[in-house]
Structure formats: structure tokens, C-alpha cells
Amino acid sequence: MGERRKPYPFDQIEPKWQALWDECCAFRAPNPGEGDFDPSKPKFYILDMFPYPSGAGLHVGHPEGYTATDIVSRYKRMCGFNVLHPMGWDAFGLPAEQYAIKTGQHPAVTTRENIAKFKTQLKRIGFSYDWNREISTADPEYFRWTQWIFLQIYNSWFNPSTQKAEPISTYRGTDPDSVRLAYVANVAVNWCPELGTVLANEEVIDGKSEVGGFPVVRRPMRQWMLRITAFAERLIAELDGLDWPEGIKLLQRNWIGRSEGAEVVFRVVPSSESETDADIAVFTTRADTLYGATYLILAPENPLVDQTTRPEKREAVTAYREEVAAKSDLERTDLAKEKTGLFIGAYAVNPVNSERIPIWIADYVVMGYGTGAIMAVPAHDERDFDFAQKFKLPIRRVVAAEVRSNDGANPAASTRPVVCTSGEGFAINSPLIDGLPTSAAQAKIIAWLEQNGHGRRDVRYKLRDWLFSRQRYWGEPFPIVWRDGKHEALPESKLPLTAPDLKDFKPTGTGEPPLAKAKDWLRYSEAAFRETNTMPQWAGSCWYYLRFCDPTNNDRFVGEEAERYWIGGESSGFRVRSSESSSPETRTLNPEPLSMPGGVDLYVGGTEHAVLHLLYARFWHKVLFDLGYLSKPEPFQRLVNQGMILGEDGRKMSKRWGNVIDPLDVIAEYGADAFRCYEMFMGPLEQMKPWSMKGVEGVSRFLARVWRLMMEESQAGHWLLSPEIEEIAPDKRELKVLHATVKKVTEDIEALSFNTAISQMMILVNAFTNAPVKPLSAMRTLLVLLNPFAPHLTSELWQKLQLKFGESEGAITDQSWPAYDEKLLVEDEVEIVIQVNGKLRDRIVVPLTASESEVEAAALANPKVHELTIGKTIRKVVVVPKKLVNIVAS
RNA sequence: GCCAGGGUGGCGAAAUUGGCAGACGCGCCAGACUUAGGAUCUGGUGGAGCAAUCCUUAGGGGUUCGAGUCCCCUCCCUGGUACCA
């Protein structure tokens, strides 16, 4: 393959402008209080999900979202906003640590190298980040504040009466450690022997680690937990005010898994002698089926099993519990089809009918949800039904599809296979609630339980507390020391607490973190030792969007003034303006002042973070908000997920298929502007779509046409400004397409429909391509519109126009976004479609001012209409102004 | 299983409140300019048919003067999730 002639000299233009932008910090966003800060401008905060700087470098998926946000950023700047558009690095993480284990190279070195590589690549795409705000989560000046926030969490509790996080000093109880938002618990954790660490539930997929796919087993260990469950209610409720895709909100709601129901207390029947009374509380969402409860099941791990098991069953129960404990999570779910369990010899009393029912244990009941015990209603629960079938337990129907009388005065439970129906209906065989529909029956039963002291209304969540410690080296150390078996916070003055330099990063294998190997570091004082766990990778990304507001502040995690402006600022939001509302006064007005709970105006990233990162960040944000550090209750107002880019073969890009596209290769051949525009032209941002090199070529041809619209090549092969550009007014047709383009591009950027914005600009360029004379004003408008998409090309052409026409309007990036005139878009004649019986038959052109009756008359006079309606009666004529006439005949 | 999002030419895709289906681009065909074309420009391009005309938005039904768009059923694809009581 020989040296290919470039369609336009992007290889000279692009590095030139990139160097220029770098030199003069063209996209620096000044903070309140700085000399060049303009307080009259509204703020706009546009954030990308920052990358983990892996050794592989950038792939085409990264720049998709980044290009989208860059376009919006450049556009918003021209609309007169102070735009905060930063980039940084999620720099702690397992790959660097594993590389260190293999090679001995310190993760800090690897990370530094990878960051440098990523940064060079991002700059080569021409993104308008404010690089002065660059941050890395692994930088001590950053994680010092991550540790500081942890201490805020540690020193807080959730006050149920205010539903807020408050300083621990407001807690009046005797044991503050029992209510802290960060606490230590000995919990059964997901231990991954291969990785030598525990993992959060969210990091375990099908019983294997999300990273590496290694087996994970349950094992009790002492761990740091964050009390995210206290915020469950607010994390659900406060989604409402956010402009997120409904699907993502739903994903979060499901993850939190709020269930309304009742706790019902069953009394255990005392057997003999010294038996103390015991109660078993179960959680149910179907209190209305209480009469159908024919047995109870305890989770094998439930401590109540010890007290309740009858002596004669003890041996069998112990064996079963051991069997269950030996199973990994994978096995336990894999063997889901065949249920196992064991009668423990004891009985409990159903409070509603005083019936004695047997108590079983079974591993399909888990300890981590509800009370670790259930009432089994086999007639109306699929799982209980399977279990009852297998162990020949009684089944009693208590819900019918329609209102009807009971099965009999004394409803006998049956073991014959009846059909299991889990839907709602009407209560039967349930004296207190017979005939009532499910919801009313539930309400009545719960009221009865409450009155008689047998239970109460209850709300449970699937969400568990966040397991926050990891047995790793490359993460934030906890600012905690242990003294006499008790934890205490390190004073703030000791932050940042950096990890010791290790030579050997290998996991100890015992569950002891690598930091335990640093004996000197470990010893805090004579009597106190440091915590050796580190924080999970999520920690740094929980608050990075806050640090971007004030990244070099040495006194505070973010300065108050900066926070109030960038996070608390109210004058944000997406609005489309036309010429009528384009004055600066109206532009800064916010139509819905307090309706936006989120601080970041636009947040773009992949769906893979739909629950974890976004939930954790919301949680931290709410704690800091409650403690008075932040002005708004939510971090991200508008969230958009970009779709994945597939390989040319339609498969997921991977080394395995050999279909990986390297952005730098594309840029070398077609230029960064073409790369950016193609990524946006491919299709809707949120959609999954395959890459196409032919498509890149097409977009590259479009940019070359823009270039040749204003430049022509001399005999000697030099590019010179086209003499066809003149300072004349565009004609009517040109003006119309120009204003139509301004309108469409403006609206499409606001809607993030970049593909259709580019289409419209192609139409504009095509309209001017053959014009003998190109009006200067139109060319300038085109360049401004295209600038957010193709910043290098448009900057160069703008400069060339400036040189010749000499008007001192400044650089293209200083221009204000053009307004359009709606009046110019209106035709004075309009084409009307004529349909007969809904089928297109002809078109006519009528003046815009034509009345409905005139249009109708014109349509009926149409020869084609005559032809088709001969011998038929015209039943109806539908006239849609400016659109069509439909003649109904039969 | 369940939940969510999708199915429109040979391909990527457009299509305010229901109102000309296929904008724009790719590919393909033809022409122009050229020593040349893998450059550029011009025209054509959903399918069938010589034509008039007919058919066409996964498939089937419905509402409507009129449906890619609204309602019901079925099929297929993608993502998430799975004993959560």
C-alpha cells in the first residue's frame, strides 16, 4: 500500500491546533474568585466517566461518549456558559497490582506510564478538557480526601427520626459503634482464593469473580461495611427528580429491591421440661395467604435453629448444615432445581388459626434477606410448592381467581398436586378476610396482627450493606488504627495516609492483606496497630466529580464557593432557543428553578455502571449533603449511556476475533475530525452499533468537501483560499437552508442526536457545493456549527477567512452560537399531498395563505381525483392544513 | 423464568402531536473530467412489472379518512437478573 494522498491536510492542521490549545489553555474553566471568572455566565458541568488507565490504551469505545460530551461542551461554551469539562484517572485497581506481582514493577510506576499514554491519545482526538483540573485517584493529594470522606462516614450515623446522616455526637445511645455508617462486622464474605481478596456481592457473577472469573467461596471474615441500607428509601425516592433513562432508574430500584409486607411472629410450641419459649418472625409480602401457611422454613444458618431443633433431630440437622456450608454460592444456586431440606422436629403455631405447623430448614431460604425464615404457602408460591411436593407437605388454597365461597367449612389441607397460583385474587378459606381482594385482605390481616401483637407492617430491601474493605495493596489505606481490639479514627492531620513501599505484592493467602507484611508501617504506636485493609476501587470514583470543581484545594475536599457554583448552580439545563429567546437575559433564566436535584448537568458513560458506581456515588453524596458539605442532594442530573461499538463483523470487539479498531490508526489515516464525526454519525449515541471503515471514509469525504468549499488547490499543489468566497448576501434559497441547518443542529445537539445534526450539515454543504459564489457570512455560520464536531478543520478555515477578510472577530472558539430566524424557514407556497382513500395520488402546490375550503376545492378539481372517483360517491374529505387532502370515496 | 430495550432497502440509519416511508451516508449502476482513477463532479438506486399499476417498516389481528408510529397476540435479537419470601 503506497502513500495515500490526503483529501485535505489534516495531518498538518490537527497537531497545529492541538499545540495551540495546549499552550494557551484554551479550555480552562476559571473558578469563582479567579481573575478571569465571569459570574454573569451560567454554569454547565459536563462529565465523562473517567477511565481506568489500562496498559492496552484507548479503544474506540472510550471516545464515543467523550466525543459526545466534547461536542456539547464546545457548543455550550459558544452559547455563553461557563463549562466545566474535566478528565482524570480512576487509577487504583487490580490489573496494575497483578502486573506488579508478576514483574515486581511498582503499581505507581505502571499507572504513571499508562496515564501518560492515555493522555497523549485523548489529546490527539482534540478534546476540549480543562487539563488543569486533571486528577488521579491514586495521587495522595486526592486520596487524602477520599480518606477524609471515609472519616466523615465513620463519624456519622443515620438518625431514623430525621432520615438523615448526622455526626455521631448527636447519637444518644450507649454504643455509638453499633450505629456508625462505617462499621466492622464479622460477616460471611465472598472470598476469592485466586485473587486473595474478598469481593462485594456486586463483583461476583455466577459464583465467580467479575475480574478474572475465578471461583468464589463463602467465608466469615472481619470486614469494614458501609451502612448504605439506611439510605435505601431515599435512594429509591430521589431517583424521581433525575433525568436518567427509565431503564437505569428501574435497574437501581430493582437492585435496592424494596418490598412491602409484614413481619409475622410464630410461637414455637414448647416440647417439654426446660424449654424456653421461642418466637420465629418471618417476613412475607403476602400476609393475605397466612391461612395457607402449612409449614415454616428457617435458613440453615439461622441461629434460631440451635434453640429450636429437637434433640432427636440434632445430629441430622448438624449434618445438613455442614453439607450446606460446604457448598459454594455457585453450587447452591446451580442445584436450585432440586430442593433439599429437613424437618427439625419442632412445631410452631400459626397466629391466625392456632394451627400447629412443622418447622423445617432448607437452603432455598437464605439468611441475608428478610428474617432468614419464611412461612411456606405452597399453594401460592412456586418454590414452596416444589418443596411441598417433594416432601409431601400439606397444600391449602387460600386465594381464588374470582370471588367465590370457600372450599368447605373445615378446609382440609391436601397433599395432592393442586396448581400453584402466585397471582392476586380473592381470599378463600380464610375466615378473617374471605372474599376480599388481595390488597384489602393484606391490609386487614396486617391490622389484625398488629392489634393482637402477632406482627406488624414491614418494609424490606434486597440491598445489603456495602462490603467496603479489600485485601489488596493498590488502594487507599483506611485511616484507622486498632487499640485493644477497638478501632479508632486517625486524626485528620495524619492524612494522607500512604501505603508503605513493598517489594512483594503477593497476597498472603491467609486473607491477611499484603499491607500486613510491612511490619514497621503497621505499628502506629506502642499500643496501636494500623488497619491493613484497603478501600475498593469504587471509593475514588464515588466523589471525583466533586474534586474536579476545585482540584488543587489543600484545605478542603472542595472549596465552598466552587461547590456552590459548579454543583449548586441553578442556571443549568438543556433548552433549545430560537431567535426570539436568544438574548443573554432570557438565556440565563431557569424556567424550573428548584426542580433539579442533581449537580452535574450531563454525565455520559457505559451501562456497566448502572447500579454499582452510580449507587455508591449517590450514597456518598447524600451523606456529604446531610452533613452540610454540598448544596444539592444528588450528584448527576442527566445521565446518558452510550451504546457499545462492535467490530466490523458485528461481534464484540476483542483480540480473540481480531476485530479491534485502534483509534490512533484511524486518526493516522483519516484525521481526528473524521474520527470524531464518524463516531457520531454511526447512529444514535445510546444504541449498540458496528464499526465500518467505509463509513469513516464517507465522513472523511464530507469534511474534505467542506475544505474544498473554501479552499482550492493551485497548479503547484498548494491549497489557497477560494476566490469564490465573497462578501455578498446569501440568496433566499441559501438563507433558508442555512437557517434550517442552524435550527436542526441546535436542537439535535441539545437532544444528543449527533447523527442527524451531521446529516443536516451535509445537506447544507451539498447545497453550496455548486454555487458559483459562496457568501462569506454563510461560510462562517457553517464553520461555527461544525466546530464542535470538527474543531481542527473549522479552526483552520476560520483563521484563513480572518486573514483574507481581516475582520477582528477573534478565534472561532470565541464566537457565539448562531441564532436562526423562524420566519426564513416558512415557505410562501406549500406542496399538498392528495390522497384518495388514503393512497397518495397526486401533489399540488398552493399558496400558504390558502384556506381549507380553497385547498379542498383545488383537490376535488384535480384530474387524477376525477379519474379515480368516477362512479363513486365522495363520502368525506379530510383536509390537514399545509399537509394533505384525503378524499374518501366508495 | 422474570424485567428492560430493540426488529425499517444490499448495509449504517431518518421520519414533531398518527399525515408524502427510506432524509443523510455507505455500497452499487451510468455519465463527465482525465494518460490514469481507489481522486473529483453529475444523475440514478426499496421490491415486482414493458407499462399503467401493485407490493413494502419481523408476522398476524384491531382502532382510524389515514398506522413505522396507538391497542391486542405471536416470533426473533440484545442487555440485565435469577430461590429476595
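The sequence lines fix the lettering, A, B, ..., with proteins before strands; numbering per chain opens at 1.
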| said: What contact category does A/Gln760 fall into here, base, sugar-phosphate, or nothing, at under 4.0 angstrom with non-hydrogen atoms? | reply: nothing

Table of protein N/O atoms under 3.5 Å from nucleotides 26-28 of chain B N/O atoms:
unit_1	atom_1	unit_2	atom_2	d
B/rC26	OP1	A/Arg701	NE	3.1
B/rC26	OP1	A/Arg701	NH2	2.9
B/rG27	OP2	A/Arg701	NH2	3.1

| request: May I ask which nucleotide in the shown strands pairs with B/rG1, Watson-Crick or G-U wobble, both distances under 3.5 Å? | output: B/rU81

| query | Which part of the nucleic acid does A/Pro245 contact within heavy-atom distance under 4.0 Å: base, sugar-phosphate only, or nothing? | reply | nothing

| request: Mind calculating the distance between CD (A/Glu608) and P (B/rG80) to the nearest angstrom? | output: 10 Å

| said: By the 4.0 Å heavy-atom rule, please label A/Ser259 as base, sugar-phosphate, or nothing. | reply: sugar-phosphate

| field | B/rU78 and B/rC83, which share atom name C1', separated by this distance in whole Å | value | 26 Å

| query | Is A/Asn837 touching bases, backbone alone, or none of the nucleic acid, heavy atoms closer than 4.0 Å? | reply | nothing

| remark: Taking a pair to mean Watson-Crick or G-U wobble geometry with both distances below 3.5 Å, B/rA52 pairs with none

| message | Does the structure show a Watson-Crick or G-U wobble partner for B/rU57, both distances under 3.5 Å? Name it, or say none. | response | none

| field | Nearest listed nucleotide, side chain of A/Asn766, among B/rC24, B/rG19, B/rC41 | value | B/rC24

| task | Classify the nucleic acid contact of A/Glu246 as base, sugar-phosphate or nothing, counting any heavy atom under 4.0 Å across all strands shown. | result | nothing

| task | Can you tell me the pairing partner of B/rU40 across any strand shown, Watson-Crick or G-U wobble, with both distances under 3.5 angstrom? | result | B/rA32

Under 3.5 Å between N/O atoms: give me all the protein pairs with nucleotides 15-17 of chain B, atom names plus distance.
none

| field | Short N-O contact, A/Lys249 and A/Glu246, less than 4.0 angstrom | value | yes

| task | When you get a sec, tell me which of B/rC54, B/rC65, B/rC24 is the closest nucleotide to the side chain of A/Arg841? | result | B/rC54

| task | Under 4.0 Å between any heavy atoms, over every strand shown, what does A/Asn886 touch: base, sugar-phosphate, or nothing? Just pick one. | result | base

| said: With a 4.0 Å limit, can you tell me whether A/Ser759 has a side-chain N or O closer than that to the phosphate oxygens OP1/OP2 of B/rA13? | reply: no

| field | Among B/rA13, B/rG19, B/rC41, the nucleotide that comes nearest once only the side chain of A/Leu884 is considered | value | B/rG19

| request: Please state the P separation for the pair B/rU8 and B/rG59 - nearest whole angstrom. | output: 10 Å

